[in-house]
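Order of the sequence lines sets the chain letters (A, B, ...), proteins ahead of strands, with each chain counted from 1. Here the structure is a predicted model, which is why all the values come from computation and not from measurement.
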Number of protein chains: 2
Amino acid sequence: MTRSADAPGRRATILDVAAAAGVSRQTVTRAMNDMPGISAATRERVQKCAVELGYSPSRFAKGLVQGARTSVGLAIPDLTNPYFPAFASSVVEAATQRGWNVVVDDYGHGTGSGLDAVSRLAPQVDALIGYLGEHAAEAQSLMGSRPVVGLDCPGGSSAGSIGFDYPYAAGLALDHLASTGRHKVAFLDSDQGGPAGSRGAAVAAAAAAAGIPLARIHASPSATAARDAIGGLLEKEPGLDALLAFNDVMAAGVLKALHSAGRSVPGDCAVIGMDGIPLGELLTPELTTLALDLRAVGRAAVDLVEALLSGAVEPGSPAASLTLRHELIVRQSA
Amino acid sequence: MTRSADAPGRRATILDVAAAAGVSRQTVTRAMNDMPGISAATRERVQKCAVELGYSPSRFAKGLVQGARTSVGLAIPDLTNPYFPAFASSVVEAATQRGWNVVVDDYGHGTGSGLDAVSRLAPQVDALIGYLGEHAAEAQSLMGSRPVVGLDCPGGSSAGSIGFDYPYAAGLALDHLASTGRHKVAFLDSDQGGPAGSRGAAVAAAAAAAGIPLARIHASPSATAARDAIGGLLEKEPGLDALLAFNDVMAAGVLKALHSAGRSVPGDCAVIGMDGIPLGELLTPELTTLALDLRAVGRAAVDLVEALLSGAVEPGSPAASLTLRHELIVRQSA
DNA sequence: CTGAAAGCGCTAACAT
DNA sequence: ATGTTAGCGCTTTCAG
């Protein structure tokens, strides 16, 4: 029986090529992988047949027999907020250095939650890194015993987790504000994402500790939403002289709102962002921000995955739970 | 400690679980995949064994026997330039809608060229989308008969390609500049990437057609490099009243340079960027730019891959070569 | 230099 | 409800 190329939809296999070239399949393997022990003539003939049949080796069969590079999934809420690509970039870099590859899923598009991303990713990867929000535990169960490293997730319900020391960051910001004589500050929180309110709670606590009154408002985590939200706030809180934003993108919106309201920054009102993405330097005035060392975050996540994969770190153990700190980068806006 | 010490390094297979649970491997399959035809008791016992052994099914074996979602590689020079994540995001979105997944490789980190990315990606994917520069042909040969869609690559040397109509874009910009009375414009080109000079050549031609003298300078494609480059230019070319940048990120640097040189925008000097990334709206003044519909670009690339994969479009045929156009979005800077 | 066997780990089809 | 038999497409022995 001849398996011909006319079989609709069927992909050519190594046997098809072998038959077409009149050789055995091992010879095809040798030709395709530039292995020794084959005459130049045969090699060329086989390669030609392969091209004609549109043959390309199945990565599954190959992976099955050879073992393959480990691949890690990266679940991200929104590639459109510059923070996440910056983070993704550092994960990809660290993973590439190890010869791993990274499968990215951006679950922000549809109505999907991080869980959808995880279920798409799960069959494809050996480990998972992601901003999973409340769903870290479910994500871990979807992945079985393969390690999940959750970022900024409430409980340490995944094999590994990386958190941020918000009380510390908030302290940094409020101290700076207090020492520059600000009297009334507002925190513009995101109405979604993140461990519900941990940033806001930390800021509130720090404000209380510094004896500074704090107004809190919410908006979607985008520059335009932030801008719109601030518009209203400025009327209600005339005495406001400092604004802290949930992230740098929202801070950019705040800057715009202040500008169009005719308030000078930092003269009338100081603005501090959070994340430390490159965007901040391009704004006018340049954004003072609570910066994360993004490369360090990505590296930490990948290191943790590696340790978990190798068994060097026990899933759920204290060593699998890292806490990173922000640093206050003072530029022009505060 | 539940980690299997008995088989150092070897991953648990379905047979290990079967043996541990005292069942056949088929029963393990049923338990793991929540298939019918198994008693709740056995299922639970098997699942427990699986967890204890740290078993997780090999995605290769599974893929081999079941066929698997197609996966496309995405080769990108620099996730750090906001243009690329924006593009990546739209590719990921379009791919996810089809049930495909996307493996991202950012080859900008090390010294690597796009070719390194392709060779890492090649064994992992069924198709490739990427900014491949001059290397589209080599990339295609690395991928064999699996389709490669190159963006902004010189020759149509890959199965599919998506190009941009730079003469049209340049015309848009120069017309706008001419009609707003600009007399002397400069083009800040990137000293790398892109089909060598095609943007620059198009701008030069359009300037000539509009009868406007054009100065051309080069810098690395980053905001800071752009800023530094402009510093010198302003002294040499005092009469300059308009600046076109290779991309929006560089335009952001231009804005900063002009600001610190004390030149008002657009009063003293108009600035036009290129790409149309969201960043432009956050700058002060808001950036006028030659914008691409990023979602359309990603969608087009994925559509083309699909057509190529299904055979609906012949590799290298005219239908496999798309040309997209920019649109001039006039904001404040010009 | 080339070919014939023997699996890799899993699931679909049939048994039982 | 469970077990048995065949492969999926490829590379690794090992023979010729």
Check: Is any NZ, NE, NH1 or NH2 atom of the basic residue among A:D126 and A:R69 found under 4.0 Å from an Asp or Glu carboxylate oxygen of the other?
Finding: no
Next item on the list: Look at A:K48 together with A:E44 and state whether they make a salt bridge at an N to O cut-off of under 4.0 Å.
Entry: no
Check: Taking only residues two or more places apart in sequence, or in another chain, which ones meet B:S89 in a side-chain contact (heavy atoms from CB on, under 4.5 Å)?
Finding: A:L79, A:T80, A:D106, A:H109, B:R295
Take atom [atom1] of [X] and atom [atom2] of [N], then tell me their distance rounded to the nearest Å.
X: B:L64; N: D:dC8; atom1: CG; atom2: C1'; result: 4 Å
X: B:E44; N: D:dT2; atom1: CD; atom2: P; result: 13 Å
X: A:R59; N: C:dC8; atom1: CZ; atom2: C1'; result: 17 Å
X: B:N33; N: C:dG9; atom1: CG; atom2: P; result: 17 Å
X: B:D34; N: C:dT11; atom1: CG; atom2: C1'; result: 15 Å
X: B:L15; N: C:dC8; atom1: CG; atom2: P; result: 9 Å
X: B:Q66; N: D:dG9; atom1: CD; atom2: C1'; result: 15 Å

Next item on the list: Return the set of residues passing side chain to side chain donor-acceptor pair (under 3.5 Å) with B:D105 (not counting sequence neighbours), or none when no residue passes.
Entry: B:R120
Checklist line | Contact pattern, 5' to 3', of nucleotides 1-7 of chain C - B, S or - by protein heavy atom under 4.0 Å | finding: SBBBBBB
Note to self: Do B:P77 and B:Y107 make a side-chain contact, defined as non-hydrogen atoms from C-beta onward lying under 4.5 Å apart?
What the structure shows: yes
Check: Is any side-chain heavy atom of A:V118 less than 4.5 Å from a side-chain heavy atom of A:H135?
Finding: no
Next item on the list: Would you please confirm or rule out a distance under 4.0 Å between OP1 or OP2 of D:dG9 and any side-chain N or O of A:K62?
Entry: no
